[in-house]
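To find a chain, count down the sequence lines: A is the first, B the second, and so on, and within it residues start at 1. Source: prediction; values computed, not measured.
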Protein chains: 2
Amino acid sequence: MAKHPSFDCVAGCPVEATLELIGGKWKGLLLYHLLDGTQRFNALKRMLPNITQRMLTNQLRELEAAGLVHRQVYAEVPPRVEYSLTEQGRSLAPVLHALRDWGEAYIKALASRDVS
Amino acid sequence: MAKHPSFDCVAGCPVEATLELIGGKWKGLLLYHLLDGTQRFNALKRMLPNITQRMLTNQLRELEAAGLVHRQVYAEVPPRVEYSLTEQGRSLAPVLHALRDWGEAYIKALASRDVS
DNA sequence: CAGAATCCTTTACGATACTG
DNA sequence: CAGTATCGTAAAGGATTCTG
């Protein structure tokens with residue numbers, strides 16, 4: 001993902017921009033879990049049972065580069081690294097909640113459709 | 001994209017589900033433009049100058065399969081096909097607006113960062 | 001006009017092994 | 001504990017040509 005690519009439409013590019021930042025298979029989920037507060041690397045890994053270490057590192061670094069996540073390294077042994085949302089990351093809360101709420105309703109609608 | 005894949009986390013899977021439906025390079029944008037009302041195939045194509053016909057057809061079909069978009073074919077010549085949001089598609093409005101609003105703020109924050 | 005068909009490239013993502 | 005380093009696959013996306 002480039003820094004700020006030239007977006008493809010005039011009216012909707014903010015939509016596009018946001019989706020580029022929180023899209024992909026894991027980022028939205030990571031941000032959502034970080035809404036609950038600071039988390040360590042392995043704690044996040046436990047929350048996303050199917051993510052690989054490679055992807056977790058990867059996605060966290062991209063979120064950090066985007067200014068949404070802060071990475072705090074403690075020079076201890078064994079190492080400890082804590083991830084938290086930046087101010088800008090926290091400002092995503094309404095977006096993430098909207099995604100969650102709509103998803104819940106959609107899943108329920110699917111379920112009641114399946115029984116019909 | 002499968003119908004309803006088994007999601008990867010308990011707490012966040014509604015977030016995951018929504019992102020799977022509106023994610024990708026074009027879907028969010030298409031839905032956003034359809035908020036303005038019914039659009040024809042080529043009208044949508046003009047709104048997304050860089051999309052290929054293949055992708056446009058593709059994404060519209062997936063949105064239709066998800067129950068978010070309605071496809072109305074008129075048996076005329078030249079052919080006319082109109083796309084509109086279903087009730088469920090319209091219910092995405094708050095989500096799409098949240099994405100847009102946050103994106104606008106983020107882009108502004110980037111800009112004021114660049115001049116500093 | 002609104003696509004279908006074909007082919008191709010790129011990127012995302014995953015599995016596994018190793019390390020300070 | 002929190003990563004790197006390689007390697008490999010699959011899916012997403014794109015270019016081009018053709019058609020009712």
**Q** With a cut-off of less than 4.0 Å, is there a side-chain N or O of B:Arg61 near OP1 or OP2 of C:dG3?
**A**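 Affirmative; the distance criterion is met.
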**Q** Rounding to a whole Å, what distance do you find between A:Met55:CE and D:dT4:C1'?
**A**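 Value for this atom pair: 15 Å.
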**Q** Atom CD1 of A:Ile51 and atom P of C:dA12: how far apart are they, to the nearest Å?
**A**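 After rounding, the gap between these two atoms is 14 Å.
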**Q** Consider the side chain of B:Thr52, meaning its heavy atoms from C-beta on, and name the nucleotide among D:dA15, C:dA4, C:dC13 that approaches it most closely.
**A** D:dA15
**Q** Please pick, from D:dC1, D:dG14, D:dG3, the nucleotide with the shortest atom-to-atom distance to any side-chain atom of A:Pro78.
**A**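 So the nucleotide nearest the side chain must be D:dC1.
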**Q** Check whether any side-chain N or O of A:Ser84 sits under 3.5 Å from a backbone N or O of A:Thr38 as a donor-acceptor pair, and report yes or no.
**A** no
**Q** Check whether any side-chain nitrogen or oxygen of A:Lys25 sits under 4.0 Å from OP1 or OP2 of C:dG14, and answer yes or no.
**A** yes
**Q** Only one of A:Gln72, A:Arg71, A:Glu64 clears side chain to side chain donor-acceptor pair (under 3.5 Å) with A:Tyr83; which?
**A** A:Arg71
**Q** Might you work through the side-chain contact (heavy atoms from CB on, under 4.5 Å) test for B:Leu30 and B:Leu56, ending with a clear yes or no?
**A** CA-CA 9 Å; B:Leu30 280 169; B:Leu56 183 51; 3.7 Å; yes
**Q** Given C:dA2, C:dA4, C:dG14, identify the nucleotide with an atom nearest to the side chain of B:Pro79.
**A** C:dA2
**Q** Which residue, A:Ile22, A:Leu34, A:Val69, forms the side chain to side chain contact (heavy atoms under 4.5 Å, CB included) with A:Leu63?
**A**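 With A:Leu63 as partner, side chain to side chain contact (heavy atoms under 4.5 Å, CB included) holds for just one option, A:Val69.
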**Q** Strictly below 4.0 Å: does A:Arg40 bring a side-chain N or O up to OP1 or OP2 of D:dC1?
**A** no
**Q** Among the nucleotides C:dA17, C:dA2, C:dG14, which one has an atom lying closest to any side-chain atom of A:Gln53?
**A**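 Ranking C:dA17, C:dA2, C:dG14 by closest atom to the A:Gln53 side chain puts C:dA17 first.
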**Q** Tell me the interatomic distance from B:Arg71, atom CZ, to C:dC1, atom C1', rounded to whole angstroms.
**A**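 One finds 12 Å between C1' of C:dC1 and CZ of B:Arg71, rounded.
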**Q** Given atom CZ of A:Arg54 and atom P of D:dC1, what is their separation to the nearest angstrom?
**A**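 Taking CZ of A:Arg54 and P of D:dC1, I get 22 Å after rounding.
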**Q** How many Å lie between NZ on A:Lys45 and P on C:dA15, as a whole number?
**A** 10 Å
**Q** Side chains of A:Glu82 and A:Tyr74: donor-acceptor distance under 3.5 Å anywhere?
**A** yes
**Q** Considering just the side-chain nitrogens and oxygens of B:Tyr83, establish if one lies under 4.0 Å of OP1 or OP2 belonging to C:dC1.
**A**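 False: B:Tyr83 side-chain N/O out of range (4.0 Å or more) of C:dC1 OP1/OP2.
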**Q** Can you measure B:Asn58 atom CG to C:dT6 atom C1' for me and round it to whole angstrom units?
**A**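 One finds 14 Å between C1' of C:dT6 and CG of B:Asn58, rounded.
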**Q** Could you state the atom-to-atom distance from CD of A:Glu20 to P of D:dA12 in whole Å?
**A**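 My rounded result for the distance is 17 Å.
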**Q** Over how many whole Å does the gap from B:Tyr74 atom OH to C:dG3 atom C1' extend?
**A** 18 Å
**Q** Using heavy-atom distances to pick each residue's nearest nucleotide on DNA chain D, tell me which of B:Gly24 and A:Val81 is more 5'.
**A** A:Val81
